[in-house]
There are 2 protein chains.
Amino acid sequence: MPADGGLAVTTDTPTTVEWLTAEQQTHWRAFRGGSARLFAALEHELERDTGLSTHEYEVLVRLSETPDRTLRMAQLADNLAHSRSRLTHTIRRMEEQGLVERLPCIEDARGVNCTMTEKGWQVLVAAAPSHVQSVRDHLVDILTPEQFAALGDAMETVRLHLTGGACHVE
Amino acid sequence: MPADGGLAVTTDTPTTVEWLTAEQQTHWRAFRGGSARLFAALEHELERDTGLSTHEYEVLVRLSETPDRTLRMAQLADNLAHSRSRLTHTIRRMEEQGLVERLPCIEDARGVNCTMTEKGWQVLVAAAPSHVQSVRDHLVDILTPEQFAALGDAMETVRLHLTGGACHVE
DNA sequence: CCGTGGTTGTTGAACTGTCAACCAAACTGT
DNA sequence: ACAGTTTGGTTGACAGTTCAACAACCACGG
């Protein structure tokens with residue numbers, strides 16, 4: 001979509017920007033358009049089947065992967081690439097639903113430990129099959145293994161570039 | 001991220017869902033995490049450099065590509081994969097900024113034609129170089145041409161699958 | 001100790017997107 | 001001609017996100 005500048009004809013270029021070729025433009029639009037529709041579809045199906053948003057789902061996933069199902073707010077925010085503020089709001093809502101709870105952190109009095117409740121665990125277990133199926137239906141199973149692997153590798157390169165290489169799991 | 005269900009150990013599976021392999025999980029997480037960070041970075045840089053959101057930018061791009069810089073609301077919404085409602089709100093805001101204007105449609109009295117103004121055009125021309133550079137910096141130029149092409153091809157497959165094959169330009 | 005600066009997390013206001021309800025105009029079939 | 005349905009678009013209430021300001025705490029150097 002945008003990367004070509006959208007200028008119907010590549011008119012006078014005020015700066016020395018190198019425009020995208022027609023091919024690059026096509027790929028870029030496919031990537032943007034495909035990603036947008038894919039994430040929208042996954043979001044919609046998860047919401048419909050389980051009542052969770054993908055963000056809530058991911059919070060639960062991250063918590064479920066630690067030994068004590070607990071994570072500091074900052075680590076959670078970094079993992080999810082969400083702002084602190086956004087995470088605070090999300091966690092407050094999830095706490096109201098009984099999916100997680102917040103406890104003060106002993107080692108660092110500034111910190112807050114976020115733990116998933118038993119209910120949160122059960123909600124995640126109930127939601128996972130549906131979501132996995134969605135991901136298969138709309139992405140994994142419609143690509144060849146090579147295509148899917150190439151997709152992952154390319155985006156891993158992008159991620160490393162953006163996080164300066166120094167970054168966490170996700 | 002989620003597709004593995006996040007269940008630290010693949011415990012008892014209540015349904016007959018086929019989970020993702022460790023490799024698939026890795027690729028899926030890379031794709032989701034990389035995409036999220038990439039789009040966030042592009043959004044942030046465009047906003048910082050030009051004051052436009054990527055959505056507003058795309059509206060202008062789409063309009064700029066038609067002969068008369070005009071598109072029906074529904075076509076615009078389809079192109080962008082946005083809901084009608086969302087587009088109405090977006091266009092109202094852009095109209096207030098003088099970037100576009102809405103005119104009744106002659107052929108179909110239900111319809112509304114959205115046209116980009118001269119100011120809108122100039123804003124787009126001014127914004128494009130910066131945005132193209134961002135896309136190059138964070139995506140196009142850090143991948144090999146083959147990687148980037150594979151990315152585009154894969155996501156085009158995804159897009160076609162989601163739109164039932166019958167779909168527009170984007 | 002005290003102060004300075006950086007980190008952690010929260011808050012509230014403003015903004016953006018979603019959802020359901022709605023109106024008006026166009027098609028459809030009789 | 002005309003009820004019923006579909007399409008195009010808007011609206012307002014609500015939910016989620018961003019942003020700037022803030023409070024509490026750590027860490028380090030005088």
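The chains referred to below are lettered A, B, ... by the order of the sequence lines, with proteins before strands, and numbering in each begins at 1.
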Do [X] and [Y] touch side chain to side chain, with heavy atoms closer than 4.5 Å?
X: A:Leu124; Y: A:Leu63; result: no
X: A:Phe39; Y: B:Arg32; result: yes
X: A:Met116; Y: A:Val123; result: no
X: A:Gln24; Y: B:Arg136; result: yes
X: B:His55; Y: B:Val59; result: no

**For chain B, the stretch of DNA chain C it reaches, first to last nucleotide, under 4.0 Å of its heavy atoms** = C:dT16 to C:dA26
**Request:** Let me know the distance between CD of B:Glu43 and P of D:dT17, rounded to the nearest Å.
**Result:** 14 Å
**Item:** Atom pair CG/NE2 of B:Leu20 and B:His27 - distance to nearest 0.5 Å
**Value:** 11.0 Å
**Message:** What I want to find out is whether A:Arg159 reaches A:Glu156 closely enough, with some N-O distance under 4.0 Å, to be called a salt bridge.
**Reply:** yes
**Request:** Only one of B:Leu139, B:Thr144, B:Leu143 passes side-chain contact (heavy atoms from CB on, under 4.5 Å) with A:Thr157; say which it is.
**Result:** B:Leu143
**Request:** Spell out protein contact along nucleotides 7-16 of chain D as letters: B when the base is contacted, S when just the sugar-phosphate is, - when no protein heavy atom is under 4.0 Å; keep the 5' to 3' order.
**Result:** BBSBBB---S
